[in-house]
Amino acid sequence: MQTRIKTEAEIVAMRQSGRLLATVLATLKEALEPGMTTKDLAEIAKRELRGTGGIPTFLGQYGFPDVICISLNDEIVHGIPSTKREIRSGDIVSLDFGVTYDGMITDSATSVVAGGVKNSKIDKLLIDTEASLFAGVRVLKNGVRVGDIANAIQQVLDEGNYGIVRDMVGHGVGHELHEDPNIPNYGKKGTGPKLAAGMTIAIEPMATLGDFRVYIDVDGWTVRSNDKSLAAHFEHTVLITETGAEVLTQL
Ligand code: MG
Ligand code: MG
């Protein structure tokens, strides 16, 4: 379905959904410690959302078996939390979460390094991937084209010579987790569908320290880089306004 211009009441619900989502991600970042399993983090996410009126959107979405996607290192997205998957110091941990509140959905992701280990290459990958997300946010306004967003993201990632993942893209969001149009992380200015004030989209660059090609693990879910290069993923749900944008999944 095509993303709709949201009503004021729908936007109010999405603001609350985004606030809940951002709070859970902040809690997970705070709790994250080497030695925990990815399932431990999923349990915290589940517990934090309980009693808030928020529902974990991903559980059962397309058959996904848990409340959150947690992807480590060369895993880019859609990792399934597991009691067997221990997080080690220096791992890149990508947390991708969705919250439904009053029928409206927001979607957001962040990547962090476990144990606060310093590694200049990895730190730069994370900083640049998040910067590319905000470069995409900065071009938003009524009438912006998908290619304008894609190009703004690509410019930042090309600068750092990263692999820009192409098989997964941003998207409209709100009534459904994935609404049209797709929002790729590379493209040409002035091309693609026009977006209007009142629409809500998820912008989500995924970048690797190597090649852009990916494959799906034998678990049928986890998307990994072909060349095993390390990856980062940042995502915000954003409301397009007349002259700019409002990031809904940020505290
Ligand atoms: Mg997401
Ligand atoms: Mg998304």
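Sequential numbering from 1 along the given sequence is applied to the chain's residues. Only a predicted model underlies this, so the values are computations on that prediction, with no experimental measurement involved. Atoms within a ligand are numbered from 1 in the order they appear, just like the ligands themselves.
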Seminar exercise, completed: Of all the N, O or S atoms in Glu204, the one nearest to the Mg ion (ligand 2) is OE2
Problem set entry | Angle subtended at the Mg ion (ligand 1) by Asp107 OD1 and Asp96 OD1, rounded to 10 degrees | 100°
For this session: Report the C-alpha separation of Thr83 and Thr37 in whole Å, then their side-chain angles, then the decisive distance to 0.1 Å, and conclude whether the side chain to side chain donor-acceptor pair (under 3.5 Å) test is met.
Result: CA-CA 6 Å; Thr83 53; Thr37 67; over 6 Å; no
For this session: Check the hydrophobic clustering (I, L, V, M, F, W, Y; side-chain heavy atoms under 4.5 Å; chains of links allowed) and say if Ile70 and Ile80 are grouped together.
Result: no
Exercise. Taking the side chain from Asn142 and the backbone from Ala197, do they hold a donor-acceptor pair closer than 3.5 Å?
Worked result: yes
Problem set entry | His171 backbone or side-chain N/O/S under 2.8 Å from the Mg ion (ligand 2) | yes
Exercise. What is the ring orientation for His178 with Tyr62, classed by angle as parallel under 30°, tilted 30 to 60°, or perpendicular over 60°?
Worked result: parallel
Exercise. Looking at the Mg ion (ligand 2), which N/O/S atom of Glu235 is the nearest one?
Worked result: OE2
